[in-house]
Peer 1: 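Below you'll find the structure I mean.
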2 protein chains.
Amino acid sequence: MAEDYESFKLDLSLSKTEICRELFRENANLIRIKKEHVAVGNLVRIIDSTLRLANGGGFQAMSLRDLSADCGMSLGGLYAYIRNKDDLIHLIQRHGFKLTQRTMLRYTEPVAEPRERLFAAIRTHLYLSELMRAWFYFSYMEAKNLPQQEKREAVAAELAIENILYDIIEQGIAAGRFRDVNARLSASVLKAMLQDWYLKRGKYRRQNVDVDTYAQMLREMMDRYILA
Amino acid sequence: MAEDYESFKLDLSLSKTEICRELFRENANLIRIKKEHVAVGNLVRIIDSTLRLANGGGFQAMSLRDLSADCGMSLGGLYAYIRNKDDLIHLIQRHGFKLTQRTMLRYTEPVAEPRERLFAAIRTHLYLSELMRAWFYFSYMEAKNLPQQEKREAVAAELAIENILYDIIEQGIAAGRFRDVNARLSASVLKAMLQDWYLKRGKYRRQNVDVDTYAQMLREMMDRYILA
DNA sequence: GTCTATATAGGGATAGAC
DNA sequence: GTCTATCCCTATATAGAC
């Protein structure tokens with residue numbers, strides 16, 4: 001994979017428009033607008049505004065009037081893209097998880113050596129969350145406010161990401177490259193450190209820690225903990 | 001300090017009533033009820049319900065009508081304890097930070113040896129968050145929904161807790177017991193792992209990981225990362 | 001496909017009885 | 001010190017014009 005964050009960005013070349021285009025195609029049944037170029041352009045603004053407003057004061061506190069004002073669309077117009085307010089969370093979350101899982105696999109599967117593979121996983125997660133900070137933050141913070149069924153989906157999706165880490169660690173242990181640690185628990189605390197990167201972004205900026213520095217820190221931590 | 005979680009609980013002997021008694025005394029100017037035994041009893045129920053309801057679906061989504069029904073008090077009666085809904089967050093958060101900081105210092109300051117002192121900090125944080133899980137979870141999740149001024153207070157309070165970890169690590173480096181790591185960054189990621197304990201409590205329960213197992217895991221991680 | 005106007009419900013907060 | 005009744009506002013969601 002790419003050597004640093006800037007190369008990763010170029011390699012992935014993931015624009016807001018492209019993200020929303022895929023999101024539109026996945027949810028064509030739900031969205032009443034049929035012309036792709038119209039729908040995608042509006043979705044970009046709707047989601048952009050949702051993330052900004054909700055990450056500021058919480059999703060519940062953001063009224064659809066606030067949202068429509070911020071994204072430059074009328075209140076009635078919004079309802080051509082969603083059936084109700086909660087659809088917005090679901091839309092954003094589901095696509096985020098899908099994208100994360102796919103990207104994690106794309107950059108880890110080609111790497112055979114366990115230690116490098118784990119590092120690739122660490123970097124991919126950090127890089128992607130750096131690129132889509134607001135998206136990740138929103139998904140994390142609003143997960144608990146979902147209705148039962150969708151909450152379970154969200155928990156399951158989170159677990160799927162964690163399982164990618166778990167599998168790498170297990171594989172490393174089986175290959176004798178890693179010590180015989182508790183792989184599940186190791187994956188969990190690694191995940192906690194990965195998530196802190198987007199949850200406390202401001203703090204790390206104040207510390208002058210950039211994403212590659214943070215990645216190196218986690219690599220060293222895991223190396224020391226886990227290498228045979 | 002105590003050897004395990006159960007001994008810690010006995011040593012600290014912190015009941016809901018005692019927590020709310022102190023909270024009442026600190027906020028006597030704000031609370032209109034003057035008889036301590038009356039006020040404390042009601043505060044216990046109010047806060048208990050607030051934590052349960054807000055941790056379920058978010059603080060904004062919890063109406064004061066829900067709250068009054070849950071805690072068995074009338075809507076009008078509630079307003080003798082708070083001036084407005086946001087007071088509830090502030091009340092809970094401020095006292096939580098105070099209690100955490102005091103408890104952390106109480107159990108770490110007597111320990112001179114850096115490695116043991118760091119372990120004492122780890123265990124105290126985990127134990128306290130185990131004892132007051134709902135409280136910690138609430139404080140974390142609702143911090144971002146506070147108005148500017150109070151949000152800054154919350155960030156500062158969080159930093160004060162992190163600084164306790166930072167100071168211990170710095171001290172260990174100065175004493176030559178720890179490697180010359182980035183102390184600030186080390187404290188930050190340690191904090192992330194400590195917080196994951198109360199943020200993902202359900203996950204760890206499903207893994208059959210109890211608080212002392214988790215504490216040992218973090219001790220080993222930090223040992224391997226930081227020992228000279 | 002997007003708008004304005006509006007229906008309907010439920011929110012926070014207060015007044016004043018007990 | 002606690003309750004009931006109520007004020008007033010803003011929320012989500014929809015109807016129907018353009």
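What's counted below: heavy atoms across the whole structure, side chains too, no hydrogens, waters or symmetry copies. All chains are named by letter (A, B, ...) in the order of the sequence lines, taking the proteins before the strands, and each is independently numbered beginning at 1.
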Peer 1: Please check if any side-chain donor atom of B/Asp210 sits under 3.5 Å from a side-chain acceptor atom of B/Tyr5, or the reverse.
Peer 2: no
Peer 1: How long is the straight-line distance from OH of B/Tyr166 back to NZ of B/Lys191, given to the nearest 0.5 Å?
Peer 2: 16.0 Å
Peer 1: Near DNA chain D, under 4.0 Å by heavy atom, which residues of residues 34-48 of chain B?
Peer 2: B/Lys34, B/Lys35, B/Val38, B/Asn42
Peer 1: Side chain to side chain donor-acceptor pair (under 3.5 Å) with A/Ser63: which residues, sequence neighbours excluded?
Peer 2: A/Asp66
Peer 1: Considering only heavy atoms, which members of residues 76-89 of chain B lie under 4.0 Å from some atom of DNA chain D?
Peer 2: B/Gly76, B/Gly77, B/Tyr81
Peer 1: Could you check whether A/Ser63 gets within reach of a base, just the sugar-phosphate, or nothing at all, counting any heavy atom under 4.0 Å?
Peer 2: sugar-phosphate
Peer 1: Can you label the angle between the A/Tyr127 ring and the A/Phe8 ring as parallel, tilted or perpendicular, going by 30° and 60°?
Peer 2: tilted
Peer 1: Distance check, rounded to the nearest 0.5 Å: A/Asn27 atom CG versus A/Tyr81 atom OH?
Peer 2: 13.5 Å
Peer 1: Students should find this one: the first and last nucleotides of DNA chain C, 5' to 3', lying under 4.0 Å from a heavy atom of chain B. What are they?
Peer 2: C/dG11 to C/dT14
Peer 1: Could you work out, with side chain to side chain donor-acceptor pair (under 3.5 Å) as the rule, every residue matching A/Trp135, not counting sequence neighbours?
Peer 2: none
Peer 1: Not counting sequence neighbours, which residues clear side chain to side chain donor-acceptor pair (under 3.5 Å) with B/Glu142? List them please.
Peer 2: B/Asn145
Peer 1: Is the closest side-chain donor-acceptor distance between A/Tyr204 and A/Asp196 under 3.5 Å?
Peer 2: yes
Peer 1: Kindly say whether B/Met62 contributes a backbone atom to a donor-acceptor pair with the side chain of B/Lys85 at under 3.5 angstrom?
Peer 2: yes
Peer 1: Would a distance-only check, ignoring hydrogens and angles, find a side-chain to backbone donor-acceptor pair under 3.5 Å from A/Lys34 to A/Ala39?
Peer 2: no
